[in-house]
Amino acid sequence: MKRKNDQSWKPLAHILSACGIPWIWYLADFIFSLLISMVTVRLPQMTGAIMQGEIFDKGLLADYVGITVFSMLLAFFSTVFGSWISLHTDRVLRKKIWEHFLYLPMTIYQTYKPSSLISRITQDTSGISYGISSCIGVLTNTWTIFLMLKNVYHMSPRMVAAMAVVIPWLILVSVVTGRFAFRASCRTQERFSDFTAVIAERLSNIRGIRIHGEELTELEKGREAARRQYEADLYQARVNLFSQPFIYTSEAFLKALFLIYGGFLISRGELESGEFITIYMYLEMLPVFAIQYIFAYQTLKETQGASMRAGQLLLEPAEDLQKGDSLETLCQDIRFQDVSFRYGDRPVLSRATFTVPAGTTTAIVGPSGSGKTTVLQLLERFFVPDEGCILLGEKEIGDFRLRDWRSRFRMVSQNSPLLSGSLLSNLVYGSRQSPSEGQIEAAARQACSYGFICQLPKKFQSETGEMGNRFSAGERQRLALTRALAQDPEVLLLDEAVCHLDPVHASEVQDHIRDQRKCRSCVIVTHDMNAARQAGHIVVLDRGTVCGEGDHDTLYETCGTYRRLYDRQQAGNC
Ligand SMILES: Nc1ncnc2c1ncn2[C@@H]1O[C@H](COP(=O)(O)OP(=O)(O)OP(=O)(O)O)[C@@H](O)[C@H]1O
């Protein structure tokens, strides 16, 4: 990962080229702006002519009024059109970034806190569209200045030469203030995303805060994040404050230079008074353009800052769900062969070798933290082994099309969050062909959720609340099981899938699942040794290594870890 303050333009360039920005509309806006420029340059010329004595020329006066009204109308439409394009660009960028987020590999979510990514979509996009508009403004200004200089050249070539003197000063001011603006923008973006992350994480876990009575601690954390945000905002304000003297000095410098020099040329008879008025009106405009240049450079640097993290994420390759061989069915054994895996620098699995036989229930048992859930994550291909390989028959599972592969599995985990929406929308979530009402009802009966769903006033149309928080953990687990069973996957992955259920419901659900398991492969991760005992095949993990594999009787005889886990639970049950 690159340094956060790396002032590279690559992420911005990537965003601009890859996100489907509506360039054709920007081109139209640009052409529109050029038209405005031509009118803007024409008006001072007409004013000069009128002041030079052509006040009684009715045609000129009518033209003057007409062009003034026309320029106002153009400016109005240009503003409306420009705002619309910016809003449209925001929408396009948000869509693209969201799409990319959905397909980023899970390893990226190991690196970035998901909640810190929120502002990449909500805030940074506006900075980028604003930057594009500023660039168009710069091009239009350049064109306007060119037209002005051309007109001034016809009136007095010496004035044009005088104008050229201030350009290096403008460049210097732009570069110096722009670099500070870039740093300030990076800092503000980072702090804003940290602040968002802190608040988002706390709000989604508000119950936990109340349960533990940690309101004061969290208040302090929120305050700290707000303080850091305040510091960054203050820095940005200081940069703006520091820029102002530079910017206004350039304006004063420009005006003074031209006025003095213009007056000098008039006194020598090298310039007409009407021409002087035209040039003076241009002079009045020039500092405004100069300031726009300076701010445009600043804005561009801010845009660079805003695009840095969103762009870097867009540069991360997304998972390709379509690449690889198609997979009709999973009717072969899956074999882990010398698989080693680490989260960052934390080793989790070490040369793990075992088999998940097809059409059988495999239980993965072992002490807490031994790597059981990680095995399921590797099976789902959320991660890839660092060493070794996972084979389906003779082929590496990475060779199969990811979309095909994942569609064969359905996982129910310890925490089975639902998405906000109706119960029904959650139960059909992820199914390629929506299960029929009958299938859903049958699955709900097997997962023991049918009873409590029927008691809800709106039954299957009931709202689930954020992350399903209108249901208890046990109910959420039963709903997650209902969803998995209704979708009838080839392989069920159950990670402590009944751990939140009371013993009656747990054993009822387990009985139903056991009946189901007869016709499909199932991998269960469990601390319930009685449930594990009933599995056809058991894998024992201890601190990331496989220390036993086989059925209950064999393992009880040969594997010390298994025997200890089993005996201790039986003793606890007595
Ligand atoms: N996303 C992660 N990032 C870093 N380390 C992780 C991550 N997930 C798990 N770990 C670590 O990897 C190890 C194995 O975790 P895993 O969840 O696979 O264990 P487990 O056997 O399923 O544990 P449990 O029985 O407690 O659910 C643990 O030490 C855990 O702290």
Side-chain angles (χ1 to χ4, degrees), residues 11-43 67-99 118-145 147 174 177-178 181-182 184-185 188-189 192-193 196 233 236-237 240 243 247 285 287-311 314:
L12 179 59
H14 182 68
I15 288 179
L16 297 183
S17 65
C19 288
I21 305 265
W23 292 116
I24 192 84
W25 291 113
Y26 278 111
L27 183 66
D29 188 34
F30 178 54
I31 293 170
F32 207 34
S33 308
L34 293 185
L35 202 62
I36 294 174
S37 299
M38 288 159 87
V39 175
T40 309
V41 171
R42 183 79 187 105
L43 273 175
I67 286 190
T68 306
V69 173
F70 185 54
S71 73
M72 279 160 51
L73 284 175
L74 277 181
F76 172 75
F77 284 116
S78 165
T79 309
V80 173
F81 190 47
S83 310
W84 177 80
I85 300 176
S86 289
L87 294 177
H88 185 70
T89 305
D90 281 356
R91 192 181 71 159
V92 166
L93 289 173
R94 286 182 179 138
K95 185 172 150 256
K96 179 72 186 177
I97 294 173
W98 175 233
E99 185 186 350
I118 297 171
S119 60
R120 303 283 79 84
I121 296 184
T122 55
Q123 207 200 16
D124 293 0
T125 48
S126 308
I128 295 165
S129 59
Y130 185 55
I132 300 174
S133 305
S134 286
C135 285
I136 292 197
V138 165
L139 291 178
T140 314
N141 284 351
T142 308
W143 168 245
T144 313
I145 290 172
L147 292 180
S174 303
T177 54
F182 174 77
S185 169
T188 314
Q189 310 288 335
F192 182 78
S193 84
T196 317
D233 291 343
Q236 186 140 36
N240 291 342
S243 314
I247 291 166
M285 285 185 217
V288 178
F289 289 140
I291 287 171
Q292 280 179 0
Y293 270 121
I294 293 166
F295 282 130
Y297 187 70
Q298 261 186 308
T299 307
L300 200 62
K301 294 302 277 181
E302 283 174 8
T303 305
Q304 187 193 9
S307 65
M308 190 60 76
R309 292 220 273 183
L314 282 174

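These values consider heavy atoms only, across backbone and side chains, with no hydrogens, waters or symmetry-generated copies. Given the structure is predicted, the values throughout are model-derived calculations rather than measurements.
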Could you pull out every donor-acceptor pair under 3.5 Å between side chains of residues 19-35 and any protein atom, sequence neighbours left out?
residue: Tyr26; atom: OH; partner: Thr89; partner atom: OG1; Å: 2.7
residue: Ser33; atom: OG; partner: Asp29; partner atom: O; Å: 2.7

>> Applying salt bridge (Lys or Arg N to Asp or Glu O under 4.0 Å) as the test, list every pair that has at least one member in residues 124-140; sequence neighbours left out.
In response: Arg120-Asp124
> How far apart are the closest heavy atoms of His14 and Gly311, and which atoms are they?
Replying inline: CD2-O, 4.4 Å
> How would you list, by chain and number, every residue that makes a side chain to side chain contact (heavy atoms under 4.5 Å, CB included) with Thr196, sequence neighbours excluded?
Replying inline: Ile118, Ser119, Phe192
Which side-chain N or O atoms in residues 67-82 pair as donor and acceptor under 3.5 Å with protein atoms at least two apart or in another chain?
residue: Thr68; atom: OG1; partner: Tyr64; partner atom: O; Å: 2.6
residue: Ser71; atom: OG; partner: Ile67; partner atom: O; Å: 3.4
residue: Ser71; atom: OG; partner: Thr68; partner atom: O; Å: 2.8
residue: Thr79; atom: OG1; partner: Ala75; partner atom: O; Å: 2.7

>> Nearest 0.5 angstrom please: Leu16 CG to Ser307 OG, how far?
In response: 7.5 Å
> Minimum heavy-atom separation for Thr125 to Ile121, with atom names?
Replying inline: OG1-O, 3.1 Å
>> Restricting to non-hydrogen atoms, name the atom on Met38 and the atom on Leu147 that form the minimum distance, rounded to 0.1 Å.
In response: CG-CD1, 3.9 Å
> In chain order, what residues pass the side chain to side chain contact (heavy atoms under 4.5 Å, CB included) check against Val138, with sequence neighbours excluded?
Replying inline: Thr142, Tyr293, Ala296
>> Quick one: does any side-chain atom of Thr303 pair with a main-chain N or O of Gly127 as donor and acceptor, under 3.5 Å?
In response: yes
> Got a second to check how far Ile128's CD1 is from Ile97's CD1, nearest 0.5 Å?
Replying inline: 5.5 Å
> Which residues satisfy the ring-ring contact (aromatic ring centres under 6.0 Å, His included) test with His88, sequence neighbours excluded?
Replying inline: Trp84
> Do Ser129 and Asp90 get their side chains close enough for a donor-acceptor pair, meaning under 3.5 Å?
Replying inline: yes
>> Taking the side chain as everything from C-beta on, heavy atoms only, tell me whether Ser133 gets closer than 4.5 Å to Ile85.
In response: no
>> Ignoring hydrogens and geometry beyond distance, is a side-chain donor-acceptor pair present between Thr140 and Ser37 at under 3.5 Å?
In response: no
> What distance do Gln236 atom CD and Thr188 atom OG1 have between them, rounded to the nearest 0.5 Å?
Replying inline: 4.0 Å
